[in-house]
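Whatever order the structure lists ligands and atoms in, that order sets their numbers, starting from 1. Counting from 1, the numbers follow the sequence of the chain as shown.
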Amino acid sequence: MTANLLDFDLEGLAAFCERLGHQRFRAVQLFRWIHQRGVARFEEMTDLARDLRERLPSVARVQGLPVLAEQASADGTIKWLFDVGDGNAVEAVYIPEDDRATLCVSSQAGCAVGCRFCSTGHQGFSRHLTTGEILAQLWYAEHELRRRLQTRERVISNVVMMGMGEPLQNYAALIPALRVMLDDHGYGLSRRRVTVSTSGVVPMMQRLAQDCPVALAVSLHAPDDALRDRLVPLNRKYPLHELMQACRRYLPAAPRDFVTFEYCMLDGINDTLTHADALVALVREHGVPCKINLIPFNPFPASGLRRSPRLAVKAFADRLNAAGIVTTIRKTRGDDIDAACGQLAGDVQDRTRVVQRLARRGEDLAVVRVQRPQGAREVAP
Ligand code: SAH
Ligand code: SF4
């Protein structure tokens, strides 16, 4: 089996080239062709040394992920469903805004944490994505969007690891992927514009601070252990006290001087003013500089939960802001295509079911383009 060059950060690629008897600057050239120009075919990499160009096809490949489907929302959000084999698919979501364009990237097929309110969690864990599979989402989206927008300029300005999966439970694959995102020869994103979101894998937060400090978002969802144990089962292993300490320890290395706490607003569960006051007390007690992002719950049928009423979310935000904690309410994007937070179920155990689902939705959705990847069954729009 040849090596997939999407699996390497620049150091890894340099080591690979060295093993082939080539110097580091060749790896830089190759890396730039792949990530900056989106080229996968070695024969198109015209300034590579000829002997390397001719050797590469027998030892390496640049392999992205087949696109099973694409859906575009009326608000400009685009969701891609990528085939990762064995009936699994993962999703990436492109969210354009006035001053930035964010790609929400998946790190695992499914998720083992099993949060009560998350459709990925309900689906269970299938497997970790490789570095190449994490990067393939960005590689495809960036270059596909450049083609469509007919630009050579960078399109995606921010990456959030908020798709399917718990990124810090796939640490070994995550780190090289982050490095490629940050690398000036890769996507050149600043550390502030790459965010890892975690449900609170405490030991790995500390390692992230050492290995690759990027912006950190922590999914809190509850101000006390009893409630958080129920909503985010990982809390039983790493309770709030430890999580808060890990947040504080993270900050000196971080590119931002605050942690973003995400808080999914669930009707009658965690959304009262008593909860808001407890949340204020929690962050004060631990002295964690933070901003809070309230996410209106995006319902899915099996959850049995309801979104908090708008007024309750507003009152909760006002209470936190009044206490001096900067709090925002996340706009939900891509609602009409189930691309909103926590709706990235992407289950294709039975692919025909997804095909039917997409077909059914096709009536009110713009399924812009559906590619037929080699080896994958056709997905009818
Ligand atoms: N596993 C990581 C990152 C992926 S989830 C984490 O949990 O942080 C990204 C964000 O979406 C998290 O804050 C998560 O709690 C939130 N989320 C999950 N399901 C949701 C839902 N149904 N409605 C709103 N937000 C949800
Ligand atoms: Fe996993 Fe995050 Fe969903 Fe929890 S919210 S189940 S950690 S993807």
Side-chain angles (χ1 to χ4, degrees), residues 90-93 95 102-129 134 137 158-171 173-174 177-178 194-202 204-205 208 214-222 227-238 243 246-247 250 259-267 269-271 290-308 313 328-335 338-347:
V90 298
E91 293 171 335
V93 184
I95 308 155
T102 303
L103 189 72
C104 177
V105 170
S106 294
S107 56
Q108 297 175 317
C111 182
V113 177
C115 298
R116 178 78 182 73
F117 49 83
C118 172
S119 69
T120 306
H122 275 244
Q123 173 196 333
F125 177 70
S126 295
R127 70 168 174 85
H128 294 305
L129 298 189
I134 296 172
Q137 301 166 58
N158 295 57
V159 170
V160 293
M161 297 302 305
M162 294 187 186
M164 298 165 68
E166 169 47 59
L168 294 187
Q169 286 189 338
N170 186 13
Y171 193 79
L174 175 72
L178 294 178
V194 175
T195 301
V196 167
S197 175
T198 180
S199 55
V201 189
V202 163
M204 293 301 151
M205 290 165 66
L208 186 67
V214 291
L216 183 69
V218 172
S219 296
L220 206 54
H221 310 308
L227 181 56
R228 195 163 190 272
D229 280 352
R230 285 203 286 134
L231 296 177
V232 184
L234 192 65
N235 195 69
R236 296 177 205 146
K237 194 160 181 195
Y238 306 114
L243 180 57
C247 289
Y250 189 84
V259 171
T260 303
F261 288 126
E262 292 159 281
Y263 195 101
C264 178
M265 297 291 285
L266 301 163
D267 185 25
I269 307 252
N270 64 355
D271 65 345
C290 64
K291 291 188 181 176
I292 293 184
N293 197 211
L294 301 179
I295 316 174
F297 171 61
N298 292 309
F300 57 98
S303 73
L305 299 164
R306 290 180 313 268
R307 175 184 290 192
S308 302
V313 179
T328 50
I329 302 171
R330 184 176 297 174
K331 277 188 297 201
T332 58
R333 297 287 302 262
D335 260 351
D338 281 3
C341 298
Q343 293 183 313
L344 306 180
D347 55 323

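- Proximity to Gly163 (heavy-atom distance under 4.0 Å) selects the following atoms of ligand 1: 4 (C).
- Atom OG of Ser107 and atom CG of Asn170 lie 6.0 Å apart (nearest 0.5 Å).
- The atoms of ligand 1 that sit less than 4.0 Å from any heavy atom of Met161 are 3 (C).
- Sorted by chain then number, the residues whose non-hydrogen atoms approach ligand 2 to under 4.0 Å are Cys111, Val113, Gly114, Cys115, Cys118, Gly121, Gly165, Glu166, Ser199.
- Near Gly165, meaning under 4.0 Å from one of its heavy atoms, ligand 1 places the atoms 1 (N), 2 (C), 3 (C), 4 (C).
- Classification of the Tyr263-His221 ring pair by plane angle, with boundaries at 30° and 60°, yields tilted.
- A heavy-atom distance below 4.5 Å is found between the side chains of Leu129 and Gln137.
- Contact check for Thr195 versus Thr102: no side-chain heavy atoms found under the 4.5 Å cut-off.
- Heavy-atom distances between Ser303 and ligand 1 stay at or above 4.0 Å for every pair.
- Heavy atoms from other residues, nucleotides or ligands lying under 6.0 Å from CZ of Arg230 number 12 at most.
- Residues Leu178 and Val159 form no side-chain contact, since every pair of their non-hydrogen atoms from C-beta on lies 4.5 Å or further apart.
- Within the structure, salt bridge (Lys or Arg N to Asp or Glu O under 4.0 Å) contacts touching residues 295-308 (residues at least two apart or in different chains) are Asp267-Arg306.
- By the criterion of a heavy-atom distance under 4.0 Å, both the backbone and the side chain of Asn298 are placed next to ligand 1.
- Leu305 CG to Phe300 CZ: the interatomic distance, rounded to the nearest 0.5 Å, is 7.0 Å.
- Contact annotation for Met164 and ligand 1: no heavy atom of the residue comes within less than 4.0 Å of the ligand.
- Distances below 4.0 Å separate heavy atoms of Ile295 from the following atoms of ligand 1: 13 (O), 24 (C), 25 (N).
- Under a 4.0 Å criterion applied to the non-hydrogen atoms of Cys264, ligand 1 contributes the atoms 23 (N), 24 (C), 25 (N).
- Heavy-atom proximity to atom 7 (O) of ligand 1, evaluated over Cys118, Ser107, Ala217, Ser219, is greatest for Ser219.
- Contact annotation for Glu166 and ligand 1: heavy atoms of both the backbone and the side chain come within less than 4.0 Å of the ligand.
- Every atom of ligand 1 is numbered from 1 in the order shown, and the set under 4.0 Å from a heavy atom of Thr198 is 6 (C), 8 (O).
- For the residue pair Thr198/Glu166, the side-chain donor-acceptor check at 3.5 Å is satisfied.
- Summarising the geometry of Ala112 relative to Gln169, their closest heavy-atom pair is CB-OE1, 4.1 Å, with the distance given to 0.1 Å.
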